[in-house]
Each structure stands twice: as C-alpha cells, then as structure tokens.
Amino acid sequence: SQQGEEDPQALSIQEGENATMNCSYKTSINNLQWYRQNSGRGLVHLILIRSNEREKHSGRLRVTLDTSKKSSSLLITASRAADTASYFCATDGTDRGSTLGRLYFGRGTQLTVWP
Amino acid sequence: EPEVTQTPSHQVTQMGQEVILRCVPISNHLYFYWYRQILGQKVEFLVSFYNNEISEKSEIFDDQFSVERPDGSNFTLKIRSTKLEDSAMYFCASTSASTNEKLFFGSGTQLSVL
C-alpha cells in the first residue's frame, strides 16, 4: 500500500499550544501534500512539499519531509479553536506511473483545539 | 476564490437505483477527479479525467461507474445500480497544471444507499 498513515489518530490540545502530526508512507514520491477537512466538508489544500525539499513554511504551518525515513510532519504553531479539523497527508503515485492528481491519502489525524 | 461546487449535498437512494452526482469544477481547470470517503475510512481515488477521457481509474471504479463531461462546465459521476457499500461521501476535485498538483475539492455529496 502506498497510502500515507498519520499519527496520532486523535490529538487534543489547548489554544496557544503547538500541534504536531506525523505521516509515514511506503513508496517513492514526487511530493507530499497536507489537507484539512472540517467536519462534513471537503478537503482544503494546506501545503505541498516536494521530494527535494526538507522543510516548508506557510503562515503558522511548518512541514518537514524526510525521504530517507519516508515520513513527514505537520506542525501548527499557536493553535486556535478554528484549527479544529481532520488533517490528512497525501502522496502522489510517482513510482506507479499514476496520473497527475491521483493521490493516496492516510486516515487522518483528528485535531481538537480547546478554547 | 473560485470553488468546486457539488450537488446535491445529500442523496438517498434505494439499492439498485441509478444515481448521478454532479460537479462544477473550477472554470479554467483541465483535470477532474472523483474521490470517495466511506465513513471512518481513508479518502480513496476513483477516477481522473482529462481531455474528455478517463486518464486513470482505480479498482473501485468498475463497470457500474461512469463519468461524463456533458458540456463545458459540468462533470458527473453515475452509479448505474447502487449497492449498500456505495454509501459514502463522494468528492469531486479539479486542478490545472499551473497549480502545482494541488487539488481543489468540492464539499462532497453524501450518498446513502438503503
């Protein structure tokens, strides 16, 4: 299976704390993406990191990628109640010759931020 | 910001019935997708569509499924004879080559097969 696997499955923190979610995958990738899903809504793209990048920042988000360990982490700093959502990592299917946009998702981490 | 829109938001159908899920991708996008998410499980790829034909389909996308882009704006997923196990949230997505492989997802259609 190529899918990413996130951990923890659930994370509960207080506002202002940092939240770290991890993702592991099994095969070669061109890129890894993180998406967010609010309850009952669609997925919203957060950030994409390419296989030749090690770290990327976007606002309060910091993503790292370690291709030797086939793992990535998503850090949300100074979390807010509005960050409460499910977070998914998704990898592309480069070594399977998959077409553009075929992504392999993990099960996600449910983040709850308490005010 | 442009959005992918999906209708209906909820669809209830009887087993064996045909359903059509509708999507309006972002207007300048050229690549279109359907994904689904069974409750509590992973988001799974169903099919990708480009240049008026299927680019790739997963093992889930069997003969009961079909996609169509009947005009310049709509992109539909048809399930010919629904099964109980087709109950899921179905997401449409689109992208363009210029968006660096980032997918834009709709809010989904919750399909319940009774």
Side-chain angles (χ1 to χ4, degrees), chain A residues 1-7 9-10 23-27 29-53 56 58 61 63 65 85-110, chain B residues 1-7 9-10 21 23-26 29-51 53-61 75 88-110:
Chain A
S1 166
Q2 182 158 359
Q3 288 95 335
E5 294 291 344
E6 296 91 342
D7 80 87
Q9 289 185 5
C23 169
S24 60
Y25 58 92
K26 296 183 179 177
T27 61
I29 60 170
N30 277 328
N31 66 68
L32 184 144
Q33 304 181 43
W34 285 90
Y35 286 81
R36 165 196 167 126
Q37 183 184 32
N38 285 63
S39 180
R41 305 288 295 174
L43 296 120
V44 176
H45 180 269
L46 294 176
I47 197 164
L48 179 151
I49 187 165
R50 299 204 177 276
S51 59
N52 61 352
E53 297 175 308
K56 203 162 182 179
S58 176
L61 305 180
V63 168
L65 179 64
S86 291
Y87 292 82
F88 297 88
C89 68
T91 56
D92 68 322
T94 181
D95 71 331
R96 288 187 167 190
S98 292
T99 54
L100 173 71
R102 178 168 188 172
L103 300 178
Y104 297 83
F105 285 87
R107 289 186 188 278
T109 293
Q110 173 60 51
Chain B
E1 187 172 309
E3 287 185 340
V4 174
T5 57
Q6 289 186 243
T7 55
S9 56
H10 293 84
L21 309 183
C23 170
V24 179
I26 294 173
H29 286 183
L30 300 176
Y31 301 83
F32 313 113
Y33 310 87
W34 285 100
Y35 282 78
R36 79 173 187 190
Q37 184 180 31
I38 295 172
L39 186 63
Q41 297 189 25
K42 299 182 181 185
V43 176
E44 301 172 292
F45 169 84
L46 293 178
V47 66
S48 58
F49 191 87
Y50 171 71
N51 202 25
E53 61 183 24
I54 291 174
S55 307
E56 187 175 0
K57 57 185 180 180
S58 71
E59 57 278 4
I60 302 169
F61 195 89
F75 179 52
M89 180 74 92
Y90 288 81
F91 294 107
C92 173
S94 68
T95 193
S96 70
S98 65
T99 57
N100 294 321
E101 302 163 63
K102 160 184 169 181
L103 295 190
F104 293 78
F105 284 84
S107 295
T109 293
Q110 178 63 57

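Model, not experiment: these values are computed from the prediction. Note on naming: letters A, B, ... go to the chains in the order of the sequence lines (proteins, then strands), and numbering restarts at 1 for each one.
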Let me see the working for B:Y50 and B:Y31 under ring pair (Phe, Tyr, Trp, His ring centres under 6.0 Å), right down to the final yes or no.
CA-CA 5 Å; B:Y50 171 71; B:Y31 301 83; 4.4 Å; yes
Atom group of B:Q110 that falls short of 4.5 Å from chain A, counting heavy atoms:
neither
Identify which part of B:S58 has an atom lying under 4.5 Å from any heavy atom of chain A, answering side chain, backbone, both or neither.
both
For the backbone of A:A10 and the side chain of A:Q110, can you confirm whether one donor and one acceptor N or O come within less than 3.5 Å of each other?
no
Could you check whether the rings of B:F49 and B:F75 sit parallel, tilted or perpendicular, using 30° and 60° as the cut-offs?
tilted
Using a 4.5 angstrom heavy-atom cutoff, name the option from B:C92, B:S107, B:A93 with the most pairs to chain A.
B:S107
When heavy-atom pairs shorter than 4.5 Å are enumerated against chain A, which of B:F91, B:F32, B:Y35 gives the highest number?
B:Y35
Would A:F105 and A:Y35 count as a ring pair (Phe, Tyr, Trp, His ring centres under 6.0 Å) here? Give the steps.
CA-CA 9 Å; A:F105 285 87; A:Y35 286 81; 5.6 Å; yes
